[in-house]
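The chains referred to below are lettered A, B, ... by the order of the sequence lines, with proteins before strands, and numbering in each begins at 1.
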There are 2 protein chains.
Amino acid sequence: MPAKGDHDARRRDVSEAVWRVVATAGFTGLTMRAVAAELGASTGLVTHYFPSKALLVRHALDLAAERTDERPLRTPEAPGLAALRAAVLDVAPVDGDAVAMNRVWVSSWDLALADAGFGAAQAARYTRWRAKLARHVADAQERGEIGAGDPADLAARVAAFTHGLVTQALFDPEAFGAARQERLVDGFLDSLRAGAPARDS
Amino acid sequence: MPAKGDHDARRRDVSEAVWRVVATAGFTGLTMRAVAAELGASTGLVTHYFPSKALLVRHALDLAAERTDERPLRTPEAPGLAALRAAVLDVAPVDGDAVAMNRVWVSSWDLALADAGFGAAQAARYTRWRAKLARHVADAQERGEIGAGDPADLAARVAAFTHGLVTQALFDPEAFGAARQERLVDGFLDSLRAGAPARDS
DNA sequence: CTACGTACCGAACGTTTGTTACGCACCTGT
DNA sequence: ACAGGTGCGTAACAAACGTTCGGTACGTAG
C-alpha cells in the first residue's frame, strides 16, 4: 500500500482513502481523522500532504475525475453508437468499483450545490462530458445509427438518463443489477434510433 | 410567519426553515443553530419540537415528500402520455421553488447513501414514484400513445431521465432554463413512441 | 389565587471538528 | 561527523457541534 519516497504517489494514496471514507460514510462523515484512520496513519500525515480540508477534497475529486476520464481508453476502437454505449456503461455502477466511485460523485453533489467553487468545477466537468457524448452522437448520426436532432440536446438526454440510472441503481442495488442496467441502457439507446424531431404531421 | 398555538404548524415552520438552510448551505451546513437563525428563534425552540437532529431531518424530508406528492393534484385530469408529461415537468426545476426543493433532495442523497435508515426511506420513495410512472406508461400504451415494452422498465427510463435532468439543471441553470428543459422533456417523450423492444430483424 | 403544563430563551455541557505546532527519525550532501 | 530538509506521529488549540438544563412567561383548569 505505501509508495515510499514518491510525493505524488502518497497524495494519491490519501485521495484513495478519501474515496473510501466518502463511499461508506458520505461527505458528512468525511473528517481528517477518518481519512487518517482509513489510511492507518495519523492526522499529521494527512495535513502534511494537504494543508487544508478543502484542498484535500478538491484533489480527491480532481483525481477521481481524471481517473474516470482516462479509464475509457480500454474501449478505444468503436465509433458512433457503440462508443456511446460504451461511454454510458462505463459510468454505470455495474460493479463494486463503479458503485464506490458513483457514491463519491453523488455524495459530492451536496458540497457542489452549497459551495460555489466546487459547483463551478462540477458544472464544467459535466459540460465537458456532454461535449464528449455529443461527439459520439454526431458520429452515430453520420453513420445513420440514430435519428436526427440537435446533438447537444441528444447528448443532454443521454447524460440525464445516465445520471438518473446511477442514482436509482445506488439507492436500490437489488432492483438494478448489472443485467437490468444493461437492458435499460440498450432499451434507451434503441429509442434514439427514431429520434427525429416531431415536426408533426 | 408564526402560527401560534398550533403544534403541527410550528413543526412545519421549522421544517421549512430546514429546507431553506439545506437549499443554500447543503446538508453539510445544516446545523441546529443555522435552522434557529433562519427561523429567527433560538436553538431551544428547535430542540423543543425536535429532540434530536436525526428526527429534525427525518420530518423535514418526510414533509417535503408529502408535499410533492400532494402537489400534482393541480394537474388532475389528463390520462396516459399527458399525465406522464405532467409528472415529469412537475418534478423538473423549472421555477425557483422547484429549484430549491430539488436542491434539498439532491443534497439529501449524501445522507441517504451513508445512513441505512434514510437510504431505505429514499429507496422506498423512488420505488413508489416509479410505480406511479409505470401506471401512466401503461395507460399511454393502452391508448397507443407510446410503443410497447415492459412498463416497469419504461418507468425506470423515465425516472432516470427525470432525475438526470434535475441534476444537470441544478448544476448549470443557465444552460438548462425552463424552455430548454421543456424541449428536452418533449424530445424524450417523443422517443418513447417507437420504443418497441428490439426483437431485431 | 393557585397549580401546572406548554412554549420558549439563553447558557452551559462534553465532544468532535479543522488546524497548528512541536519533536523525533530518517536521508542526503559535504 | 554534521547540518538541513523531508516525512510523519503526538499533542494541543480554538471553534463549532448536538444536546441538556434551569428559568421565565403565559395560558388554562381547579
Side-chain angles (χ1 to χ4, degrees), chain A residues 1-22 24-61 107-108 110-112 114-118, chain B residues 1-22 24-61 107-108 110-112 114-118:
Chain A
M1 188 69 70
K4 218 172 170 185
D6 192 338
H7 193 85
D8 285 343
R10 214 65 171 176
R11 281 166 65 94
R12 192 156 23 89
D13 291 342
V14 176
S15 292
E16 286 172 4
V18 170
W19 299 345
R20 266 173 275 145
V21 171
V22 172
T24 62
F27 263 91
T28 310
L30 177 68
T31 67
M32 298 280 176
R33 288 162 172 81
V35 173
E38 173 68 38
L39 208 60
S42 70
T43 69
L45 185 149
V46 178
T47 60
H48 177 66
Y49 289 100
F50 299 99
S52 77
K53 188 184 181 182
L55 292 174
L56 210 214
V57 173
R58 189 139 84 93
H59 188 262
L61 292 181
S107 283
S108 79
D110 177 41
L111 223 151
D115 183 288
F118 282 115
Chain B
M1 187 69 71
K4 218 172 167 185
D6 192 337
H7 192 85
D8 286 343
R10 214 64 171 177
R11 281 166 65 94
R12 194 155 21 89
D13 290 342
V14 177
S15 291
E16 287 172 2
V18 170
W19 299 345
R20 266 173 276 145
V21 171
V22 172
T24 64
F27 264 91
T28 310
L30 177 69
T31 68
M32 297 283 180
R33 290 170 230 270
V35 173
E38 173 69 38
L39 209 61
S42 71
T43 68
L45 185 149
V46 179
T47 60
H48 177 65
Y49 289 101
F50 299 99
S52 76
K53 187 183 182 181
L55 293 174
L56 209 215
V57 308
R58 187 139 85 95
H59 188 262
L61 292 181
S107 282
S108 80
D110 176 42
L111 223 150
D115 183 288
F118 283 114

message = Over 60° means perpendicular and under 30° means parallel, so tell me whether A:H48 and A:H7 are parallel, tilted or perpendicular.
response =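 Judged by the thresholds at 30° and 60°, the geometry between A:H48 and A:H7 is perpendicular.
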query = Taking B:D110 for the side chain and A:F27 for the main chain, is one N or O donor matched with an acceptor at less than 3.5 Å?
reply = yes
Whole-Å distance between [N] [atom2] and [X] [atom1]?
| X | N | atom1 | atom2 | result |
| --- | --- | --- | --- | --- |
| A:R33 | D:dG9 | CZ | P | 14 Å |
| B:K53 | D:dT20 | NZ | P | 15 Å |
| B:L45 | D:dC21 | CG | P | 19 Å |
| A:D13 | D:dC8 | CG | P | 10 Å |
| B:R11 | C:dT6 | CZ | P | 14 Å |
| A:L39 | D:dG7 | CG | C1' | 13 Å |

Would one find a side-chain N or O of [X] under 4.0 angstrom from OP1 or OP2 of [N]?
| X | N | result |
| --- | --- | --- |
| B:H7 | C:dA7 | yes |
| A:Y49 | D:dC8 | yes |
| B:H48 | C:dA7 | yes |

task = Considering non-hydrogen atoms only, spot the tightest contact between B:M32 and B:S52 and give its length.
result = CE-C, 3.7 Å
ask   = What are the two closest non-hydrogen atoms of A:S107 and A:G26, and how far apart are they?
value = OG-CA, 4.1 Å
inquiry  = On DNA chain D, does the nearest nucleotide to A:T43 precede the nearest nucleotide to B:A54 from the 5' side, or the other way round? Give the residue.
reply    = A:T43
inquiry  = From the set C:dA11, D:dG9, C:dG18, return the single nucleotide nearest to any side-chain atom of A:M32.
reply    =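 The closest nucleotide is C:dG18.
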task = Please tell me which of the listed nucleotides, C:dT17, D:dT19, C:dG10, lies nearest to the side chain of A:T31?
result =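 It is C:dT17.
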request  = Specify the residue among A:G44 and A:L30 whose closest nucleotide of DNA chain C lies further upstream toward the 5′ end.
outcome  = A:L30
message = Any N or O donor-acceptor pair under 3.5 Å from the base of D:dG7 to the side chain of A:R10?
response =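 Checked by distance alone, the answer is no.
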Over 12 non-hydrogen atoms of neighbours within 6.0 angstrom of CZ in B:R11 =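 Yes, CZ of B:R11 has more than 12 neighbouring heavy atoms, counting only those of other groups under 6.0 Å.
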